[in-house]
2 protein chains.
Amino acid sequence: MARSDGQNLTYRIVQALGVAIVSGAYSAKNPFPIEADLCKQYGASRSVLREAVKMLTAKGLLSARPRQGTWVQPEEAWNLLDPDVLRWLLERKPSYALLREFGQVRLAVEPKAAALAAAVAPREAKAAIATALEQMAQADRDEDDPLPSDIAFHLAVLRASGNRFYSQLSGVTESALRISIRLQNRYKGVRRASVPDHKKISDAILAGDADGAEQATRALIQEALELINKADSDGVSEPRKVRRS
Amino acid sequence: MARSDGQNLTYRIVQALGVAIVSGAYSAKNPFPIEADLCKQYGASRSVLREAVKMLTAKGLLSARPRQGTWVQPEEAWNLLDPDVLRWLLERKPSYALLREFGQVRLAVEPKAAALAAAVAPREAKAAIATALEQMAQADRDEDDPLPSDIAFHLAVLRASGNRFYSQLSGVTESALRISIRLQNRYKGVRRASVPDHKKISDAILAGDADGAEQATRALIQEALELINKADSDGVSEPRKVRRS
DNA sequence: CCTGATTATTTGTAATATAAATAGGATTAT
DNA sequence: ATAATCCTATTTATATTACAAATAATCAGG
């Protein structure tokens, strides 16, 4: 697994420490503990603990030096685009600021991905988009939760772009979408998935209409972004923590 | 250090293995070695070697299971947006495909970053952009290498956007820009830094003209991207490996 | 007060032992 | 013969201990 699930002790510690770090649990008055103390705290051997710390170091969260200890890196050094890091941040410390910033990324990227998908995606990739749309419509009719198919739709578009960096973003988009859409639900009440808006995108991509796909996607995400800004300025309570999956 | 420089044994092994992995050194006929063999190969203890492997696992390059061994993840799982991973890829295995894909990312992101910078950047951040432009002009006059100031300019714009994800991208943009601009040099002959094009961007940002900044940036990157495509279809030799910094 | 040696602390590296997981082969029952 | 089960070998996971290296803090001597 690429993700840090709870399969073994090391990954459990990575998860626990990662969450604690991005939640701001460590600071000047509560510095990051030394190895020995963390071993005691988690009941783990030095080997395991050091491996966990090294994984967090690889994600830009920590840094270490002999005698100086191990410390939390400044936030600018964190690999925000690492799926684990972004997930920890969004699940434990969701903020309108972060949602807005990620919304801006989506607004920059997804319309271009849709345009590329329209222009160059192979038949199967386009089919995956159509399938996600169909499931979304189905969920809408049955008044099921549209979230999974909504997410699947956006990921399918990113993947269909054929751009590896965009595909890569699907990993982090998944977390962000989950939080964003939950916010929309709470703000607008029971969610009616905007099937027609998504259908416009899908139709344009299937028809090979790059411009149309780009504009339709931009409109959709612009709306989501505006909702975030509106909820923020209206002072709607910050999006709540989410249960771990 | 967030980057894997050669400070200690673990990081040297991370670097060596990371490069080997992204270069495709391991495959079905040459599977990733078991711990014991890697220890011998690098003359390191199991602790050090395991910590290095864990760091590469955190970057999505490796995965491991008891009895099954450690193996290289499929390329889709690699954290392409990890600065180390992208640097290894671009330095060791630069391809037009990857440069084009990263160019598409820049084309999506940088114009929006410039627009944001024009709209919201504080005075110091704008000043940093102006300074980079000035150094670029200076280098141009003195026929010095314009590369460092060119890079500094783009990073300053990304940072001035105030969007943490865009700032984050500056880490990976640095590697990609270095390769891209080298390519332009070889293709167009001695490079004359396009100071006027960058000045347009800087002026618009300083004037708070978001649309102007966006369009000027788009034009600049579009040109760079077209050059990559042109060099590719003209069959110009693939960009060469770069010495390690 | 400064300078340089000393010490103490923390991470870095090494070596070894045992546990857990599991692919693949051997065994047994039907 | 086939299927289910057990066994075994291999590889990573975890634990423990020891020592090395780096360096901040302390102390001694001028």
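The chains referred to below are lettered A, B, ... by the order of the sequence lines, with proteins before strands, and numbering in each begins at 1.
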With no hydrogens and no angle check, do the side chains of A:Q15 and A:W88 hold a donor and an acceptor under 3.5 Å apart?
yes

Take the protein atom CG of A:L38 and the nucleotide atom P of C:dT9, then report the distance between them rounded to whole Å.
18 Å

Do A:L62 and A:Q73 touch side chain to side chain, with heavy atoms closer than 4.5 Å?
no

If we only count heavy atoms from C-beta on, is the B:K54 to A:R50 side-chain gap below 4.5 Å?
no

Is the shortest distance from a Lys or Arg side-chain nitrogen in A:R164 or B:E75 to a carboxylate oxygen in the other one below 4.0 Å?
yes

Please name all residues satisfying side-chain hydrogen bond (donor to acceptor under 3.5 Å, both in side chains) with B:D142, sequence neighbours left out, ordered by chain then number.
B:Q138

Would you mind building the protein contact string for nucleotides 10-16 of chain D? One character per nucleotide, 5' to 3', B for base within reach (heavy atoms under 4.0 Å), S for sugar-phosphate only, - for untouched.
BBSBBBB

